[in-house]
Amino acid sequence: NEIVRVLFWEDLFDRGQKKEKRKINLPVLLMAGGIGSRLKPLTNVFPKALIPIGEKTILEQIIDSFLEYQCEDFYISVNYKSDMIKYYLNSLDNHNYNIHFIEEKEFLGTAGSIKLASQYIESTFFVSNCDILIDDDYANILDFHKESKNEITIVAAIMQSSIPYGVLETNNEGQLIDIIEKPDLFFKINTGLYLLEPKVLKDIPDNEPFDITDLAQKLLNEKRKVGIFPVSEKSWKDMGNWDEFTWALTAVDNPLKRTLPVAIYSFQGQHGTQWGLVFAAMIIALIPVLIVFFSMQKYFVSGLTTGSIKG
């Protein structure tokens, strides 16, 4: 009676296949105010939300994922390098959605900045970090949220961790109870995507740091409903760390995925595996900087006028 492995349908079938999306038309709050310390030194120059993945920034990729469900009202919480984010989005043409900027004067945590949007939001709404992509059906998440009558639903990735050793279980007296060889452990990991009911905004204190995890714990302490919607580990991409970011550079359609592997393997063949890995690390670190520079420079030349989106 042990769980050997957790498999989702999308792990075996349908991966990459396009399905027609059900229209849900909910407001979306995107948390774009963070410093992005995990992606330094890139974020020393650009805010994390504007780092490009393929032809678009991370922020635009997330917006596009919600547009498939006809979610067209976006509230973007900004703080760190907020002027760059607003200027970039103001400069975009031919967009078919509405953007409202929520200005954080101080870092208030994920829930603290949500509180600032309370005057605009009156219905169930999504909250997403600005460095994640979830490849799952948002309409199904909404169905689960409503049917369970949750006040908050947290989207969680089922992550497997293998222990390569024998694990010893003991009692309080230090006596051995069992030996489990190389067990597989399963965890539900917070992905950074949430569904919230507007009434929980009243539970967030004004003008003080407060995270969504603090809000969820407050609701639990009051015996209120906080749900967990599980998705496959493969359905969650955390662009805020280097491993996932470099994966995205080659997974999304862009010239890098054609040129990068050739250059690395050529160098590795001439200088050996160890130096090949060093070269790969250097390339991965350098090319994103160049991509950011060349993709962003047209938006920061003098003479451009601000677009029509109002914050």
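This one's a predicted model, so the numbers in the text were calculated from it and none came from an experiment.
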For this session: State yes or no: do Ile24 and Ile152 share one hydrophobic cluster built from I, L, V, M, F, W and Y residues joined by side-chain heavy-atom distances below 4.5 Å, directly or via other members?
Result: no
Exercise. Hey, is OH on Tyr120 packed in by over 12 heavy atoms from elsewhere, all under 6.0 Å?
Worked result: no
For this session: Run the numbers on Leu215 and Ile204 for side-chain contact (heavy atoms from CB on, under 4.5 Å), then give the verdict.
Result: CA-CA 7 Å; Leu215 178 60; Ile204 303 173; 4.1 Å; yes
For this session: Verify, without hydrogens or angle tests, whether Asp137 (side chain) and Ala139 (backbone) share a donor-acceptor contact under 3.5 angstrom.
Result: yes
Exercise. How about Tyr97 and Gln70: does a side-chain donor come under 3.5 Å of a side-chain acceptor?
Worked result: no
Seminar exercise, completed: Interatomic distance, CG@Leu196 vs OG@Ser123, rounded to 0.5 Å, equals 11.5 Å
Exercise. Side chains of Asp73 and Val28: closer than 4.5 Å at any heavy-atom pair?
Worked result: no
For this session: Spell out, as yes or no, whether a donor-acceptor pair under 3.5 Å connects the side chain of Glu104 to the backbone of Leu108.
Result: yes
For this session: Would you check if Leu185 and Gln160 make a side-chain contact, meaning some heavy-atom pair closer than 4.5 Å?
Result: no
Problem set entry | Exam field: side chain Lys225 to backbone Ser148, donor-acceptor pair closer than 3.5 Å | yes
Seminar exercise, completed: Scanning both residues in full, the closest heavy-atom pair of Ile62 with Asp131 reads CD1-N, 4.0 Å
Exercise. If only atom types and distance count, is the side chain of Thr170 paired as donor or acceptor with the main-chain N or O of Leu176 below 3.5 Å?
Worked result: no
For this session: Drop me the distance from Glu222's CD to Glu151's CD, to the nearest 0.5 angstrom.
Result: 8.5 Å
Exercise. Listed by chain and number, what are the side chain to side chain donor-acceptor pair (under 3.5 Å) partners of Asp214, not counting sequence neighbours?
Worked result: none
Exercise. At what distance, to the nearest 0.5 angstrom, does OG of Ser65 lie from CG of Asp135?
Worked result: 9.5 Å
Exercise. Hey, does Pro209 have a side-chain heavy atom less than 4.5 Å from the side chain of Phe107?
Worked result: no
For this session: May I ask whether Phe74 and Ile85 are part of the same hydrophobic cluster, defined by side-chain heavy atoms of I, L, V, M, F, W, Y residues being less than 4.5 angstrom apart, directly or through others?
Result: yes
Seminar exercise, completed: Closest heavy-atom pair, Glu103 versus Leu116, reported as atoms and distance to 0.1 Å, is O-CD1, 3.5 Å
Exercise. Any side-chain heavy-atom pair from Ile58 and Gln61 closer than 4.5 angstrom?
Worked result: no
Problem set entry | Shortest non-hydrogen separation from Ser232 to Ala157 and the atoms involved | O-CB, 4.3 Å
Problem set entry | Close side-chain approach of Leu89 and Ile76, heavy atoms under 4.5 Å | yes
Exercise. Take atom CD in Glu169; do more than 12 heavy atoms of anything else shown fall under 6.0 Å from it?
Worked result: yes
Problem set entry | Ser82 OG to Lys105 NZ distance, which is reported to the nearest 0.5 Å | 7.5 Å
Exercise. What heavy-atom pair brings Tyr80 and Pro47 nearest, and what distance separates the two atoms?
Worked result: O-CB, 4.1 Å
Problem set entry | Exercise: identify the closest heavy-atom pair between Ile121 and Pro198 | O-CB, 4.2 Å
For this session: Starting from the C-alpha separation in whole Å, work towards a yes-or-no answer on side-chain contact (heavy atoms from CB on, under 4.5 Å) for Asp184 and Phe186.
Result: CA-CA 7 Å; Asp184 289 326; Phe186 298 90; 4.2 Å; yes
Exercise. Does a salt bridge link Lys199 with Glu197, judged by any charged N lying under 4.0 Å from a carboxylate O?
Worked result: no
Exercise. Would you call Lys23 and Glu68 a salt bridge, taking side-chain N to carboxylate O under 4.0 Å as the test?
Worked result: no
For this session: Test side-chain contact (heavy atoms from CB on, under 4.5 Å) on His145 and Thr124 and set out the steps.
Result: CA-CA 10 Å; His145 177 80; Thr124 303; 4.0 Å; yes
Problem set entry | From Cys130 atom SG to Met31 atom CE, the distance as rounded to the nearest 0.5 Å | 9.0 Å
For this session: Over all heavy atoms of both residues, which pair between Thr110 and Ser113 is shortest? Give the atoms and the distance, please.
Result: O-OG, 3.2 Å
Exercise. Asn150 side chain to Thr153 main-chain N or O, any donor-acceptor pair under 3.5 Å?
Worked result: no
For this session: Determine whether Ile99 and Asn90 make a side-chain contact, defined as any pair of heavy atoms from C-beta on separated by less than 4.5 Å.
Result: no
Exercise. Taking the six-membered ring for Trp, are the ring centroids of Tyr194 and Phe126 within less than 6.0 Å of each other?
Worked result: no
Exercise. So Leu193 and Val127, side-chain contact (heavy atoms from CB on, under 4.5 Å) or not? Walk me through it.
Worked result: CA-CA 6 Å; Leu193 178 63; Val127 174; over 6 Å; no
For this session: Could you state whether Leu219 and Ile114 fall into the same hydrophobic cluster, counting links through intermediate Ile, Leu, Val, Met, Phe, Trp or Tyr residues with side-chain heavy atoms under 4.5 angstrom apart?
Result: yes
Exercise. Can you tell which of Asp211, Asp206, Asp203 makes a salt bridge (Lys or Arg N to Asp or Glu O under 4.0 Å) with Lys115?
Worked result: Asp206
For this session: Would you check if Asp143 and Arg22 make a side-chain contact, meaning some heavy-atom pair closer than 4.5 Å?
Result: yes
Seminar exercise, completed: The reported gap from CD in Gln175 to CG in Asn172 (rounded to nearest 0.5 angstrom) is 11.0 Å
For this session: For atom NZ of Lys218, decide whether the heavy atoms of other residues, nucleotides or ligands shown that lie under 6.0 angstrom number more than 12.
Result: yes
Exercise. Are Leu30 and Tyr75 co-members of a hydrophobic cluster defined by side-chain heavy atoms under 4.5 Å apart?
Worked result: no
Exercise. Any chain of hydrophobic side-chain contacts (each under 4.5 Å) joining Leu29 to Val155?
Worked result: no
For this session: Compare all side-chain heavy atoms of Thr191 with those of Phe229 and state whether any distance is below 4.5 angstrom.
Result: no
